[in-house]
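Residue numbering restarts at 1 for every chain, and letters A, B, ... go by the order of the sequence lines. Here the structure is a predicted model, which means the values were calculated and not measured.
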2 protein chains.
Amino acid sequence: MILSKACEHGIRASLYIAQQSELEERASLKDIAHEIDAPEAFSAKILQELVRHGIINSIQGPKGGFSMSKKSIRELKLIQIIHAIDGDAFEKKCVLGLKKCSETSPCPVHDQFKHIKKDYLNMLQKTNIQKMLTSLNDGISCLKL
Amino acid sequence: MILSKACEHGIRASLYIAQQSELEERASLKDIAHEIDAPEAFSAKILQELVRHGIINSIQGPKGGFSMSKKSIRELKLIQIIHAIDGDAFEKKCVLGLKKCSETSPCPVHDQFKHIKKDYLNMLQKTNIQKMLTSLNDGISCLKL
DNA sequence: TTTATATCGGATTAAAATATCCGATTAACT
DNA sequence: AGTTAATCGGATATTTTAATCCGATATAAA
């Protein structure tokens with residue numbers, strides 16, 4: 001279930017940036033950190049990582065900031081943000097920490113977990129930014145508190 | 001998905017102890033650490049915690065060691081071991097790290113996650129030690145590698 | 001009663017995750 | 001061109017988690 005703090009911040013930041021991009025506005029680091037209630041310097045690090053992975057775009061200098069393309073807002077999936085920040089540990093890692101847990105050499109809870117894991121991964125693979133934005137834009141959900 | 005390393009070791013240790021207890025044998029720290037491939041000193045700390053929570057029993061001195069009652073083997077659920085070591089973060093924590101994420105004030109992925117979380121919790125609440133032991137005893141699953 | 005063999009428990013250390021700092025770079029505006 | 005406002009990127013600091021160390025305690029057996 002549990003993602004790293006960096007990943008939590010990264011997803012929230014992506015959503016705020018997407019929201020601003022829909023309004024044709026760039027989001028500055030300062031605004032982002034404030035709107036998602038995350039430390040500014042740490043957010044900066046995470047945003048850089050997202051830029052490197054092509055999740056978001058950045059422009060330096062005055063009037064600069066971060067943005068997300070309409071295409072990404074439509075097509076980018078939650079799992080891609082997680083991969084950019086936490087890598088593929090989510091899919092790869094055995095629940096009990098075995099190095100070679102697999103269908104042919106399973107851990108004692110492999111069978112129980114595999115269904116949960118499949119549904120979870122499936123959800124992450126089909127949940128896109130746009131979907132997450134709807135509840136945000138409707139004021140039903142929020143990014144801080 | 002992801003449990004702390006302490007919790008991974010703790011579950012594996014509990015299973016080995018249960019397995020030995022079915023054979024009317026006490027498990028020593030040394031054996032446990034070796035059989036679950038975890039550091040001895042760290043395992044000791046985790047086992048103490050499990051004893052304090054009544055998950056396992058311990059006896060000091062020569063011929064001492066750890067054991068699990070038949071009743072616990074039958075009735076103890078996976079979630080109880082997780083609670084003993086990691087607390088209730090699993091149930092309580094919001095995926096995006098919001099402090100007050102709930103049905104009435106959700107995060108943008110609350111609705112997607114709640115089904116997964118429910119199934120996951122449900123599984124942890126009904127998976128008992130005995131269930132996990134069956135695949136182990138049949139040689140289908142293992143506790144290390 | 002002494003000795004050997006266990007776990008207990010508190011203090012310390014090591015490693016990883018989280019977070020900060022600051023100079024370099026980039027680009028808009030005067 | 002110079003100034004200012006922004007991100008970039010590498011080094012450092014802090015906090016949490018993981019792991020170790022060692023003396024105290026308990027108990028079985030000689």
Problem set entry | Nucleotide nearest A:Q60 when distance is taken to its side chain, options D:dA18, D:dT7, D:dT20 | D:dT7

Seminar exercise, completed: So CZ of A:R12 and CG of A:L136: to nearest 0.5 Å the spacing works out to 11.5 Å

Problem set entry | Whole angstrom value for the distance that separates C1' of D:dA18 from CD1 of B:I36 | 14 Å

For this session: Would you indicate what A:K45 reaches in the nucleic acid, counting non-hydrogen atoms under 4.0 angstrom: base, sugar-phosphate, or nothing?
Result: base

Exercise. How about B:H83 and B:E91: does a side-chain donor come under 3.5 Å of a side-chain acceptor?
Worked result: yes

Exercise. How many Å lie between CG on A:L47 and C1' on D:dA6, as a whole number?
Worked result: 13 Å

Exercise. Between D:dC8, D:dT20, D:dT25, which nucleotide has the shortest distance from any of its atoms to the side chain of B:F42?
Worked result: D:dT20

Exercise. Quick one: A:L50 CG to D:dC8 P, roughly how many Å, whole number?
Worked result: 11 Å

Seminar exercise, completed: note: B:E49, atom CD; D:dA19, atom P; distance rounded to Å ~ 16 Å

For this session: Could you state the atom-to-atom distance from NZ of A:K63 to C1' of D:dT4 in whole Å?
Result: 12 Å

Problem set entry | Protein-nucleotide distance (A:Q48, atom CD; D:dA6, atom P), rounded to Å | 17 Å

Exercise. Is the distance between the ring centroids of A:Y120 and B:Y120 less than 6.0 Å?
Worked result: no

Exercise. How would you label the contact of A:R26 with the nucleic acid (heavy atoms, under 4.0 Å): base, sugar-phosphate, or nothing?
Worked result: nothing

Seminar exercise, completed: Min and max contacting nt of DNA chain C in 5' to 3' order, chain A heavy atoms within under 4.0 angstrom, are C:dT18 to C:dA28

For this session: Measure the distance from NZ on A:K30 to C1' on D:dC8 and round it to the nearest whole Å.
Result: 19 Å

Problem set entry | Working for side chain to side chain donor-acceptor pair (under 3.5 Å), residues B:N137 and B:E22 | CA-CA 10 Å; B:N137 288 333; B:E22 282 198 327; 3.3 Å; yes

Problem set entry | Check: B:S69/B:S72 side-chain N/O donor and acceptor closer than 3.5 Å | yes

